[in-house]
Every structure is written in structure tokens, then in C-alpha cells.
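Below: one structure, written as C-alpha cells.
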There are 2 protein chains.
Amino acid sequence: MLPIGVLARRTGTKVQTIRYYEQIGLMPEPERTEGGQRRYANAQLDRLAFIRHARQLGFSLEAIRELLDLSDSPERSCAEVDAVARRQLSEVEARLARLEALRAELHRMIAECHADRVADCRILEVLRDHEECLSDHAAPAP
Amino acid sequence: MLPIGVLARRTGTKVQTIRYYEQIGLMPEPERTEGGQRRYANAQLDRLAFIRHARQLGFSLEAIRELLDLSDSPERSCAEVDAVARRQLSEVEARLARLEALRAELHRMIAECHADRVADCRILEVLRDHEECLSDHAAPAP
DNA sequence: TATGGGACCTACAGCGGGTGTAGCTTCAAG
DNA sequence: CTTGAAGCTACACCCGCTGTAGGTCCCATA
């Protein structure tokens, strides 16, 4: 039975984050010592590792909740898991596309500026005047 | 003198967002009618357009504050403006790199899964077991 | 000039996904 | 038995907004 700090170290999570996951129902309430401290079984360690890994891949906590639910019913079709992963992939691809447009615009802005004084700075000019901007870029990555 | 709603429409900003910018000191306090409603001059319209455009390019409100300050002193060197833009560019590039790694991993996960049942799903397996993962990916885009 | 209804006002709560702090209590090694 | 690290709860805060409640103002039309 592991105390929360060990769980934290082994999964690269902050202690507060683990308590936060418990609060939002992503981690189950663990056993407690007589003094009220949390003690985790190995299953909880695995679950937390799963959560962290999915977070690193950019899955939202809601998507992770869904994946965990699915993973608890091993006889069901894995098409749903596939769908969650594909959705995540297309979100990542959308963000990539937006960021690539931003990179291009920033590049252009910077390359165009050969001024010395702020008054003649192309960068500020482009920011001031949307017309000078090539893309009508979408919002930045969330 | 424009009421807040007109400013909002012309810059594609929500009314609440403009009030929020005022609250955090990014937009100046405008004049008011006798009844207490905000009335903006054209300079404020330009300033808001600048802010929105910079936001679309992914600049943080802090960076925008810096750019606005710089743009208020036209005799200064524009090297500082350049630095802010380059910083933004490298942040965008870092996010791009991370997202590209994530995309590759998600692709691989999805491609490898030919299972029917959740029990044999490769996607969940990879998520469960970090060792199966190629990259030791950084955190997702913030 | 009265009225109606859209636009405006303030104040505050909430989103996601945590992080940080204060002020305690508990655990375990020496 | 002491001590200090680690744990506990409760709450505030980060960013960048967005939404809501409950009220007030403005101005075009009748």
C-alpha cells in the first residue's frame, strides 16, 4: 500500500494533482490509514499511469474518463476506443494546421522588419493593420 | 464616439471581453455618457484591433501589453519588438514539435489496433504501458 | 412626449487543468 | 520519545475569457 507521495513520484504527478483527480472522480477514493492518510493499491498506480500517459498524448480529462470506462468493460467492441483516439488525432491535426499558419505569419512579419526605430517597425504595422496580414488565421491553439 | 457593442462588432470581440481587457488594464477606461455607458474614440478601436490581431497570432496578453507599451514610444529601437515576436515564434515552433510527436504516436496507436474487443485493444494497451510508447513525449500543447 | 425593447451596466460564478499557500496532523526513523 | 518529512483540508489563484442575474439607459417610433 503506497502513500500518495510515492504514487506521485512513480507517475511524475504532483500530489495535489492526484487529490484533484480524486475530487473530480477520475481516481477512486483510496483506503486510508487510521490517521486519515491515503494508501493506494497497485491497481491505482496503473490507473494513474494510464491517466498521465493519456494526458501527455493530449487527451482531455473527459476523453480519459471515457477511455477508462471502456477499458473496464473488456468484452465491448473496441470501435469506441478507436473513435476516441481518432477524435484526438483530428484535434491534434487541426491544432497543427493552425499553428503552421501562425508560424508562417510570424516568420513573414519578422523577416520583413528591417527598421531601427519602433516608429517604422513592420511587425507593429502588421499587427495594427489586419489588411497587411496574409492569413485570416483562426484562434490560437487552446 | 462608439458604444461598446459597435466596438465589439467591428473587432469581432465579445462585449464582456472588452470590459475584461479594461479591468486588467489592457484597454484604457473610456469616457462615459451621463447614464454611465462607455463611449469609445477611434484610437480605442485601433488599440482593440491590435490586441485582437495579436491574440489571433497567439501572443499572450502579457506579450501584447509589452508590444503596446513599445508602440507608444516610437523613437525606441524596434529590437525589443523583434525579440517579443521571435519569442512568440519559438513558442509556436516548440508547440508544433510537440504536436507532431503526438500525432505520430496517435497514428501508430490507431494503425496497430486491429482488435474487435476492448480486451485486446492495442490503443488501451499502449496507454496502459508507457514502455510500448516510442516517444517520451513532453506535455501537450498548453 | 410616452413607450417599448434592445443595448448597456455591475457583480459574480464557472470553464479546464491544474498549482500554491496556510495551518494544521500523522508517520516512521533514530 | 522526539523530530522532521510527509500528509491532511480548505481555499485562492493562474489564463483568457464566457455566461448569468437583475437591474438601468438610450433612442426610434407612435
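For the numbers below, each heavy atom of this structure counts, side chains included, while hydrogens, waters and symmetry mates do not.
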Nearest whole Å is fine: how far is [N] [atom2] from [X] [atom1]?
X	N	atom1	atom2	result
A/Tyr20	D/dC11	OH	P	17 Å
B/Glu62	D/dC14	CD	P	12 Å
B/Glu34	D/dC27	CD	P	12 Å
A/Ile24	C/dG17	CD1	P	8 Å
B/Arg32	D/dT24	CZ	C1'	13 Å
A/Glu31	C/dC27	CD	P	14 Å
B/Phe59	D/dG16	CZ	P	13 Å
A/Glu22	D/dG7	CD	C1'	13 Å

Connected via hydrophobic side-chain network under 4.5 Å: A/Val6 and A/Leu48:
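A/Val6 clusters together with A/Leu48.
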* **Sole candidate of A/Arg108, A/Glu125, A/Arg122 that passes side-chain contact (heavy atoms from CB on, under 4.5 Å) when paired with A/Cys113** =>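 When side-chain contact (heavy atoms from CB on, under 4.5 Å) is applied between A/Cys113 and each of A/Arg108, A/Glu125, A/Arg122, only A/Arg122 qualifies.
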The side chain of [X] is closest to which nucleotide in this list: [options]?
X	options	answer
B/Gln16	D/dC17, D/dT20, C/dT19	D/dT20
A/Pro3	D/dG7, D/dG19, C/dC9	D/dG7
A/Gln37	C/dC27, C/dG17, C/dC8	C/dC27

Got more than 12 heavy atoms from elsewhere within 6.0 Å of CD, B/Glu31?
->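 12 or below, so no.
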For [N], does either OP1 or OP2 sit under 4.0 Å from a side-chain N or O belonging to [X]?
X	N	result
B/Thr33	D/dC25	no
B/Arg55	D/dC15	no
A/Arg52	C/dG17	no
A/Arg19	D/dA6	no
A/Lys14	C/dG17	no
B/Tyr21	D/dG16	no
B/Arg38	C/dC8	no

**Message:** Heavy-atom nearest nucleotide on DNA chain D for A/Gln23 versus B/Arg39: which residue maps closer to 5'?
**Reply:**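 Here A/Gln23 is the residue nearer the 5' end.
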inquiry  = Working note: B/Thr33 + B/Met1, criterion side-chain contact (heavy atoms from CB on, under 4.5 Å); need CA distance, chi angles, decisive distance, verdict.
reply    = CA-CA 10 Å; B/Thr33 62; B/Met1 291 306 240; over 6 Å; no
- Query: Judged by modelled atom types alone, do A/Tyr21 and A/Arg52 share a side-chain donor-acceptor pair under 3.5 Å?
  - Reply: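 Yes - a donor-acceptor pair under 3.5 Å links their side chains.
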Margin query: Under 4.0 Å, counting only non-hydrogen atoms across every strand here, what does A/Arg9 touch: a base, just sugar-phosphate, or nothing?
Written below: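 Since no nucleic acid heavy atom lies under 4.0 Å of A/Arg9, the category is nothing.
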So B/Ile4, base contact, sugar-phosphate only, or nothing? Heavy-atom distance under 4.0 Å.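 Here B/Ile4 touches the backbone only, sparing every base.
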Checklist entry - Are B/Glu62 and B/Arg65 close enough for a salt bridge, meaning some N to O gap below 4.0 Å? => result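 Yes, charged N to carboxylate O under 4.0 Å.
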